[in-house]
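What follows is a set of notes on a single structure, which appears directly below.
We name chains A, B, ... by the order of the sequence lines, and we start the count at 1 in each one. Everything numeric in this text was worked out from a predicted model, so none of it was measured.
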Amino acid sequence: MTTILKASDLGISFGGLKAVSGFNLTLETNDLVGLIGPNGAGKTTVFNLLTGVYQPTEGAIELEGHSIMGKTPHHLVKLGIARTFQNIRLFKEITVLDNVKIAFDHQMKTSLLSSMFRLPGFWKEEKSIETKAIELLKVFNLEKYRYYSAGNLPYGQQRKLEIARALATDPKVLLLDEPAAGMNHTETHELMDTIRFIRDRFNIAILLIEHDMQLVTGICEKITVLDYGKIIAHGLPQEVINNPNVIRVYLGDDD
Amino acid sequence: MEFIQQVINGLQLGSIYALVALGYTMVYGIIKLINFAHGEIIMVGAYIALTSVSFLVQMGLPIWLCVFVAVVFCAILGILTERIAYRPLRNSPRLTSLITAIGISFLLQNAFMLIYSPTPKPFPKMVTAAPITVGSLQISMSALLTIVISIVIMLVLQIFIQKNRLGKAMRAVSEDYGAAQLMGININHTISLTFAIGSGLAAVAAIFYCMSYPLVEYTMGTMLGLKAFVAAVLGGIGVIPGAMIGGLVLGIVESLTKAYISTQLADAVTFGVLIVVLIFRPAGIMGKNTKEKV
Amino acid sequence: MNDTKKAYILNTISVILLFILLHLMLTGGMFTRRWQSVVILLCINVILAVSLNLTTGVLGQIALGHAGFMSIGAYTAALITKKYMADFSATDQVPLGIYVIALIIGGLIAAFVGLIVGLPALRLRGDYLAIVTLGFAEIIRVIIEYLDFTGGAQGLRGINKMTNLYVIVAITLVVIFLMFTLGRSRQGRAIISIREDEIAAESSGINTIYYKTLAFVVSAFFAGIAGGIYAHSMGILTAKTFGFMKSVEILIFVVLGGSGSFTGSIVAAILLTVLPEVLREFADYRMLVYSILLVVMMIFKPSGIFGRYEFSLVNTPKDIKRYFAKRTQKKKGAVQDDNNTES
């Protein structure tokens, strides 16, 4: 087990308001960690900090021992941090296949001139990327939709496509923001299986945000609970659900 | 003395920019549209004033009444363009409404070119009083009128927006469209009112402009409109006092450039100022910065 | 890849046919001088339209300064051939090699200016980018009028003409080819992804600033090429020609044709160049009709004539067949699943 992603004492404030503070997290290879908490607890803000969308005002983030502070989101993708979004963000008007191909871009080498003049290198690389992209779509049973516009896919398939696109970037860490949002019970269970499967198949660490405690405890090996931007509990699922602080946040005060 | 003279020229020009900039900024504030056709309203105002002058003379009325004819006409035109072209597009992408605005601008320009012919027409002298002399300084009556009346108009507008019920409704709509609607504000009326005020101000600006540059031409609105827009952005688009300050600053910069650097390069300096402002302070002098939510 | 090969063969054949047709028309005297200059203007407008489509349609950013880049290409190319002709040539004819080199250098300088404009401007969003590009184009125009070696406000005169239709049509076809290939490559996909969702593009590893600038610079390059062709077909340049109005005219080609569709840009540029020539009596009303057309189009079909559709010799016949098949099916009342359209 090696540490891949490490956030220490991370914090950010917006106009004096502390959205997240003192956030610590360690992800190791093959980890499947859940990040939970009530609405507005700062979960998505943590994702935005880890992916470089926001720059933290305090603390540090390291990827495989190197600081990744101040790097732009696309650079972090190159280094191995991929994500999905709470409100699915696909390239809606282009094909499912192209959605995935785009995520391979930073691994491609064809130059502008080679592309424009269709030099042999272009065809070679294009073919290999197409094969890889279709393989990835197969993992999610999406290959039959490859020529559909991404926006025309059913909701559940769109979620899957977004994960496939994130995986295409060849990540070491995958951040999933409410992957089960809007899904019914069966779909959710199917998705949870897929998540476990990709963790094992691609050998990556996964951090996932979920709202639903029961779902997260069913799949995550470790759970971090946020409330008002602060960690209020961290540990094994069983420990976390029995933690009085967590119970209070989720069920409200008894007295 | 030369310097002060140039500053006064700048203030005169700046007041005109400010009046036009108000129209841009109010419309942008309320429907987030860069109303490219706004510059053409100036041109329309000038032509209408010119036409009404000959009628007024025939009827033996004083020619300054042409201001009111132009203001009313432009206000109605402003309401109509919004009603016909922009309202159907209120929920479409910004590119669509921006291009529509450009289309309206072309439409007005070409329509007036066909009606009035492409040859520039002289505008009659409206102020005949002798310039005021203070020491070695000469202030023309038209400059004085332009600056003073503009400042009065802007103050009245500011009070209207802060105190009057309709003015408050305008602020509410630009703050939060949906919430304003829920509070029972008639959005359509408020937007129409905004267009009417903006266009009326442009008509006033047209007449001030013709007082110092007495030529009416179908292309006169384009550059003037663009510069007024620059003034609005400079001051912070969507912010009403910003438009006034932006206009005055731009007028002074332009007039000083013409006097001390080069007449030819004045326009380049104007747009240079715009670019520098947008890059270093995109929200303008008085605007607030906002961050996009992910 | 089978369809791809077929497409290349079909396209090559049609290009050859086009040139044979052009040759027959020229040698048969079917082209009057006037129509020859219309064809040149048409080629220039097509290049301008497809190049702006890259920024506005494919990248999704509104740029209002395309004429500025065109003017830089025009002046650069004209000054180069002028200098060459004055120093080395006794005849009036610009050698083809020099012409092409002059166009390319003109394009490169335009691209360089595009880079200088784009780097700061592309950080701004939406309307602001439109205004900054407009501002830059105005600055370029004012500076050209101010400088001496550009002929100042009087304009640059005595540019050697180059009006060989074969060459100009060939250049236009090459530009169209390059635009299509760029659109369907990793760079093209990356640029499209920015239009679709900038934040998602960035999180998929796309360097959005780089690709935005790339699209903008390539677009400026081809505008410069169009400028060079224009300079050598007119023989005289004035900076006023390249004002805001010209930029808007190019934008109208793109928007009416269907923002994002190269086919649309080409068709709109051709229509809007040829129609006014045919309806010459109505020349005064040209811009009036343009503007009404534009407003009506925006209100009723904002995606333009073609939307994002691209014509292709292989796929379009299939699409037409499918379209009619669907219509007859509908008439029969059969419910056809929309989604079995994969090849």
Side-chain angles (χ1 to χ4, degrees), chain B residues 28 32-34 36-37 81 84-89 92-114 118 219 222-223 226-227 229-230 232-233 237 262-280 282 292-294, chain C residues 56 60-62 64 117 119-121 123-143 145-147 152-153 198-199 202-203 243-245 247-249 251-252 254-256 259 284-300 302-303:
Chain B
Y28 190 89
K32 301 286 172 281
L33 164 76
I34 297 178
F36 261 103
T81 49
I84 295 167
Y86 304 146
R87 194 173 294 177
L89 296 171
S92 32
R94 289 222 206 154
L95 176 63
T96 312
S97 27
L98 186 70
I99 289 169
T100 311
I102 293 174
I104 294 288
S105 158
F106 268 46
L107 180 66
L108 289 174
Q109 233 181 71
N110 287 286
F112 276 78
M113 181 195 77
L114 291 172
T219 50
T222 313
M223 218 3 130
L226 283 179
K227 285 189 190 165
F229 176 74
V230 171
V233 174
I237 194 143
S262 148
T263 318
Q264 268 184 300
L265 286 182
D267 287 356
V269 171
T270 306
F271 287 105
V273 167
L274 169 78
I275 289 163
V276 170
V277 169
L278 279 182
I279 289 164
F280 294 104
E292 200 190 2
K293 205 172 147 59
V294 180
Chain C
T56 296
Q61 305 283 336
I62 318 164
L64 285 176
V117 176
L119 276 179
R123 297 193 308 178
L124 302 166
R125 250 182 222 98
D127 313 343
Y128 283 110
L129 178 72
I131 301 310
V132 169
T133 48
L134 189 163
F136 266 112
E138 284 300 312
I139 292 175
I140 291 169
R141 186 180 60 78
V142 171
I143 291 176
E145 280 180 352
Y146 182 73
L147 295 174
E198 200 172 329
I199 289 166
E202 187 79 22
S203 330
F244 174 53
M245 289 295 165
S247 294
V248 171
E249 199 185 330
L251 185 69
I252 291 175
V254 174
V255 171
L256 280 189
S259 197
D284 288 348
Y285 298 91
R286 182 176 75 121
M287 290 316 279
L288 190 72
V289 173
Y290 268 26
S291 46
I292 294 174
L293 208 63
L294 195 63
V295 174
V296 170
M297 193 78 166
M298 283 301 106
I299 294 175
F300 295 104
S303 57

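Taking each heavy atom of B:Gly103 and C:Ser291 in turn, the nearest pair found is O-CB, 3.3 Å. What you find for B:Gln264 and C:Glu145 is that their closest heavy atoms are NE2-O, 3.4 Å. In plain terms, the two heavy atoms of B:Ala268 and C:Val142 that are nearest each other are CB-CG1, 3.8 Å.
Contact annotation for C:Met297: neither backbone nor side-chain heavy atoms come within less than 4.5 Å of a heavy atom of chain B. With a threshold of 4.5 angstrom between heavy atoms, C:Ile140 does not approach chain B through any atom at all. With a threshold of 4.5 angstrom between heavy atoms, B:Ser262 approaches chain C through side-chain atoms but not through N, CA, C or O. The contact between B:Leu89 and chain C is made entirely by side chain atoms (from C-beta outward), counting heavy-atom distances below 4.5 Å. For B:Val233, the part lying under 4.5 angstrom from a heavy atom of chain C is the side chain only. Interface residue B:Tyr28: only side-chain heavy atoms are found under 4.5 Å from chain C. Proximity to chain B is limited to the side chain of C:Val255, based on heavy atoms less than 4.5 angstrom apart. Looking at B:Thr222, only its side chain comes within 4.5 Å of chain C, counting heavy atoms on both sides. Only the side chain of B:Leu114 comes within less than 4.5 Å of a heavy atom of chain C; its backbone N, CA, C and O stay farther away. For B:Leu98, the part lying under 4.5 angstrom from a heavy atom of chain C is the side chain only. Residue contact with chain C, scored on non-hydrogen atoms closer than 4.5 Å, involves the backbone of B:Ile84 exclusively.
Every residue two or more places apart in sequence or in another chain that forms a salt bridge (charged side-chain N to carboxylate O under 4.0 Å, His left out) with C:Glu138 is listed here: C:Arg141.
Of the inter-residue distances, the one linking C:Ile131 atom CD1 with B:Phe271 atom CZ reads 9.0 Å to the nearest 0.5 angstrom. Once rounded to the nearest 0.5 Å, the distance linking CD1 of C:Ile299 with OG1 of B:Thr100 reads 6.0 Å. Atom-to-atom distance recorded for B:Ile237:CD1 and C:Tyr128:OH is 6.0 Å, nearest 0.5 angstrom. Between the CD1 atom in B:Ile34 and the CG atom in C:Leu134 there is a gap of 9.5 Å [rounded to 0.5 Å]. Put simply, OG1 on C:Thr56 and CD1 on B:Ile99 are 7.5 Å apart, with the number rounded to the nearest 0.5 Å.
For residues 265-274 of chain B, the pairs satisfying salt bridge (Lys or Arg N to Asp or Glu O under 4.0 Å) are B:Lys227-B:Asp267, with sequence neighbours left out.
When B:Thr96, B:Val230, B:Thr270 are compared by the number of non-hydrogen pairs under 4.5 Å with chain C, B:Thr96 comes out ahead. For the set C:Ile139, C:Ile292, C:Leu64, the entry with the most heavy-atom pairs within less than 4.5 Å of chain B is C:Ile139. The candidate from B:Leu274, B:Leu265, B:Leu33 with the greatest count of non-hydrogen atom pairs under 4.5 Å with chain C is B:Leu265.
Contact check for B:Met223 versus C:Phe244: no side-chain heavy atoms found under the 4.5 Å cut-off. For the pair C:Val248 and B:Phe36, the minimum side-chain heavy-atom distance is 4.5 Å or more.
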